[in-house]
There are 2 protein chains.
Amino acid sequence: MPAPTSEERNRLDRAVLLDAAERLFYERGIRAVGMDQVRAASGLPLKRIYRLFSAKEDLVVAVLRRRDQRWRGELVDHVERVPEPRDRVLALFDWLERWFAEPGFRGCAWINAHGELGSSSERVLAEVRSHKQAFHDQIAEWVRATGAPVVEPVVLLAEGAIVTAGVSGDPAAARHARRAVARMLGTV
Amino acid sequence: MPAPTSEERNRLDRAVLLDAAERLFYERGIRAVGMDQVRAASGLPLKRIYRLFSAKEDLVVAVLRRRDQRWRGELVDHVERVPEPRDRVLALFDWLERWFAEPGFRGCAWINAHGELGSSSERVLAEVRSHKQAFHDQIAEWVRATGAPVVEPVVLLAEGAIVTAGVSGDPAAARHARRAVARMLGTV
DNA sequence: CCCATGAGAGAACGATCGTTCTCCACCGGT
DNA sequence: ACCGGTGGAGAACGATCGTTCTCTCATGGG
């Protein structure tokens, strides 16, 4: 077995580190997790962690950015399997419901990060806004394809469902939102 | 001027303390605010603070509880001036828009607390859920009076507007939600 | 075989956390 | 005038934070 190149080694370590940090940050909150817990969970020496990310803030931003790519990617994969524009918009809420039902679901990671760090870290704030903007724009694209002028309500119902399910732990919010959207899209 | 009784003194100090703590917690996040900053902002000696609340967690819970009473009280005052059931529901969103436009608006204090402490403090979690339940029930009462079976969508639109305005800083979310609710309540 | 380079393990650093304790100044009752 | 006790100011405590440093060892090139 050939020794992995150091570049590839960095890539792998980054992935392991981001996995561990993302899980801990989401589970317990960002400030509640110390770098030493990240070290223990990732199995990487602190020194290597700080060579990959020169401060905790960088790690947080990287976690949010990678999660954004993965999260929206999975959403698009699920929704764009569906051919009909109207069904696509409804599929968004099916996907949300599945997400809400996952064990350990604890609301929107970006909203949580915003509440904790939005006023103390410009970079986290920017990351959160960028994610929310991208989510909005994605929904807008799907809704516009139906011809119904209801982009904003659909976005707000999705955000409301996420936050409500996050606090209550009940995935039903997704069904409630879905029903309302179905009505707004016509042909009851 | 008669010396205030010690009971009344406690009442006043509690109010001063809760004012200071609420402002700091909301502005910066709860974990980001140390008890010494609460002391400095309230002007109260640390000893007195710890006689009024025996731990930071108690203070946090008291802040959330008092804010809940005031916040919902003001909401009810605004909405129930309006006679017509349909207009009442719409008035909720006018009130939200005014709130969003206040300087320093940074989203929902309970959602923020949930993201930060929901997984580490049972008592904070309970407080957040109780607030959200009360908000839901209040809206349900108003919506049912209109006869339209749209309680859940209205709640979700309100929550979505709060969270969206909180992250983006743009009060327009309230108008978008209001417009959607107006349509759902019929008589476009 | 030797030595320099770099990585790993974890101690150490200064700051700050929540909480408690010390110390002194002030007070009403005799 | 004295004294017990209450309360304020802030030092102190142990823990933990993010970050850096030290020490040790392994390893690869001459």
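All heavy atoms count here, side chains included; hydrogens, waters and symmetry mates do not. So that the names make sense, note that chain A is the first sequence line, chain B the second, and so on, each numbered from 1.
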At under 4.0 Å between heavy atoms, which parts of nucleotides 7-17 of chain C does protein reach? Answer with one letter per nucleotide, 5' to 3': B base, S sugar-phosphate only, - none.
BBB-------S

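- Summarising the geometry, the separation between CD1 on A:Ile49 and P on D:dT19 is reported as 11 Å, rounded to the nearest angstrom.
- With B:Trp110 as the fixed residue, the ring-ring contact (aromatic ring centres under 6.0 Å, His included) test singles out one of B:Phe135, B:Phe25, B:Trp71: B:Trp71.
- Rounded to whole Å, the distance from CG on A:Leu117 to P on D:dG18 is 11 Å.
- Counting heavy-atom neighbours within 6.0 Å of A:Glu122 CD, excluding the residue itself, gives a total of 12 or less.
- In this structure, B:Arg65 places its CZ atom where only 12 or fewer heavy-atom neighbours from other residues, nucleotides or ligands lie under 6.0 Å away.
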I'd like a table of donor-acceptor pairs (distance under 3.5 Å, sequence neighbours excluded) in which one partner is a side-chain atom from residues 90-103 of chain B, with atom names and distances.
unit_1, atom_1, unit_2, atom_2, d
B:Asp94, OD1, B:Arg178, NH1, 2.9
B:Asp94, OD2, B:Arg178, NH1, 2.9
B:Glu97, OE2, B:Arg175, NH1, 2.5

What donor-acceptor contacts under 3.5 angstrom involve side-chain atoms of residues 163-173 of chain B, with partners at least two apart or in another chain?
unit_1, atom_1, unit_2, atom_2, d
B:Thr164, OG1, B:Gly160, O, 2.8
B:Ser168, OG, B:Thr164, O, 2.9
B:Ser168, OG, B:Asp170, N, 3.0
B:Asp170, OD1, B:Ala172, N, 2.9

